[in-house]
Amino acid sequence: MIVRSTAEITGTERDVAGEGWRSKRIVLGGDGVGFSFHETTIDAGTVHVFHYVHHVEAVWLIEGDGTLTDLDNDVTYELGPGSMYLLDGHERHRLEARTRMRMMCVFNPPVTGQEVHDSNGVYPLVHAAIGG
């Protein structure tokens, strides 16, 4: 059994931030469970383009509002608390946060915690050691 709080993750290597976003990686590939689980915040007024070519991502928005644009199909969705989206087709997407957005995210395959978005918003596929 694994029990963790976001308070104990804050300020550790599991607490990763970039310009306009922060991701607290609660479960990572090294935990050996086949997925990773993150609390992610997106700052109000920011725009981010992501493309997870190696991962499927499910996102549940807990607070905040903004838009999600599927850049592959030119469709825009309004997001608010309780919204969920699933990137099951590896869609390039843009998030525009009108207010601070806090969301819970699941990645499969799991991320290791060492990934950073490249210039195209892509995470590389990094294999995690089991355990840790």
Side-chain angles (χ1 to χ4, degrees):
M1 179 181 298
I2 297 171
V3 177
R4 292 190 178 110
S5 71
T6 53
E8 72 186 71
I9 290 168
T10 301
T12 73
E13 68 280 350
R14 288 177 179 261
D15 185 4
V16 179
E19 189 172 331
W21 63 269
R22 183 177 189 178
S23 179
K24 293 183 180 182
R25 283 119 185 235
I26 302 160
V27 176
L28 289 170
D31 293 318
V33 296
F35 64 90
S36 59
F37 183 65
H38 315 186
E39 177 190 59
T40 300
T41 54
I42 305 289
D43 293 345
T46 61
V47 177
H48 305 272
V49 174
F50 302 113
H51 186 202
Y52 299 119
V53 298
H54 304 294
H55 301 85
V56 171
E57 182 190 24
V59 177
W60 181 42
L61 183 62
I62 295 177
E63 63 185 55
D65 62 84
T67 59
L68 168 70
T69 301
D70 175 344
L71 296 173
D72 292 335
N73 298 298
D74 195 29
V75 179
T76 298
Y77 304 90
E78 289 295 318
L79 300 177
S83 298
M84 189 284 299
Y85 62 91
L86 178 66
L87 301 166
D88 59 338
H90 306 285
E91 296 87 356
R92 287 182 319 113
H93 58 289
R94 180 177 59 237
L95 278 174
E96 298 181 50
R98 282 190 293 273
T99 63
R100 179 180 172 268
M101 298 170 74
R102 185 168 69 96
M103 54 199 73
M104 304 307 291
C105 309
V106 175
F107 282 85
N108 185 14
V111 301
T112 67
Q114 303 306 307
E115 296 86 353
V116 293
H117 296 104
D118 68 14
S119 61
N120 295 310
V122 175
Y123 275 156
L125 184 58
V126 178
H127 297 286
I130 302 301

Subject >> Nearest non-hydrogen partners of Val111 and Ser36, listed with the distance >> reply: N-OG, 3.1 Å

Subject >> Glu91 versus Leu86, closest heavy-atom pair with distance >> reply: OE1-O, 4.5 Å

**OP:** Hey, could you give me the CG/OH distance between Leu61 and Tyr85, rounded to the nearest 0.5 Å?
**Re:** 8.0 Å

Subject >> Side-chain heavy-atom pair Val27, Val33 within 4.5 angstrom cut-off >> reply: yes

Subject >> Val3: hydrophobic cluster co-members (side-chain, 4.5 Å) >> reply: Met1

**OP:** List for me each residue that meets side chain to side chain contact (heavy atoms under 4.5 Å, CB included) alongside Arg102, sequence neighbours excluded, and say none if there are none.
**Re:** Glu39, Thr41, Ile62, Glu63, Arg100

Subject >> SB check Arg92 Asp72 (cutoff 4.0 Å) >> reply: yes

Original post:
Are Val56 and Phe50 grouped together when hydrophobic residues (ILVMFWY) are joined by side-chain heavy atoms under 4.5 angstrom apart?
Top reply: no

**OP:** May I ask you to decide if the ring planes of Tyr52 and His93 are parallel, tilted or perpendicular, using 30° and 60° as cut-offs?
**Re:** tilted

**OP:** Answer yes or no: is there a donor N or O on one side and an acceptor on the other, between the side chain of His90 and the main chain of His51, under 3.5 Å?
**Re:** no

**OP:** Would you mind reporting whether Arg94 and Val47 have side-chain heavy atoms less than 4.5 Å apart?
**Re:** yes

**OP:** Supply the atom-to-atom distance Leu28 CG to Ile2 CD1, rounded to the nearest 0.5 angstrom.
**Re:** 10.0 Å

Original post:
If you look at every heavy atom in Ser83 and Glu78, which pair is closest and at what distance?
Top reply: OG-O, 4.3 Å

**OP:** Rounded to the nearest 0.5 Å, what's the gap from CG on Asp74 to OG1 on Thr69? Could you check?
**Re:** 8.0 Å

Original post:
With distance as the sole test, does Thr99 use its side chain to make a donor-acceptor pair with the main-chain N or O of Asp65 at under 3.5 Å?
Top reply: yes

**OP:** Keeping the roles fixed (side chain from Asp15, backbone from Thr12), state whether a donor-acceptor pair exists under 3.5 Å.
**Re:** no

Original post:
If you round to the nearest 0.5 Å, how far is SG of Cys105 from CH2 of Trp60?
Top reply: 12.0 Å

Original post:
Do the side chains of Leu95 and Leu79 get nearer than 4.5 Å, heavy atoms only?
Top reply: yes

Original post:
Is there a path from Met104 to Met101 through hydrophobic residues (I, L, V, M, F, W, Y) whose side chains come within less than 4.5 Å of each other?
Top reply: no

Subject >> Exercise: identify the closest heavy-atom pair between Gly34 and Asn108 >> reply: O-OD1, 3.3 Å

Subject >> Close side-chain approach of Asp43 and Arg22, heavy atoms under 4.5 Å >> reply: no

Subject >> Any Ile9 side-chain heavy atom under 4.5 Å of Arg25 side chain >> reply: no

Original post:
Is it the case that one hydrophobic cluster holds both Val106 and Met103, taking links as side-chain heavy atoms less than 4.5 Å apart, direct or via other members?
Top reply: no

**OP:** First locate atom CZ of Arg4, then atom CG of Asp31, and finally report the distance between them rounded to the nearest 0.5 Å.
**Re:** 4.0 Å

Original post:
Taking atom NE2 of His48 and atom OG1 of Thr40, what is their separation to the nearest 0.5 Å?
Top reply: 10.5 Å

**OP:** Over all heavy atoms of both residues, which pair between His55 and Pro109 is shortest? Give the atoms and the distance, please.
**Re:** CD2-O, 2.8 Å

Original post:
Are the side chain of Arg14 and the backbone N or O of Ile26 linked by a donor-acceptor pair below 3.5 Å?
Top reply: yes

**OP:** Is it possible for you to say whether Phe107 and Leu87 belong to one hydrophobic cluster, with membership spreading through side-chain heavy-atom contacts below 4.5 Å?
**Re:** yes

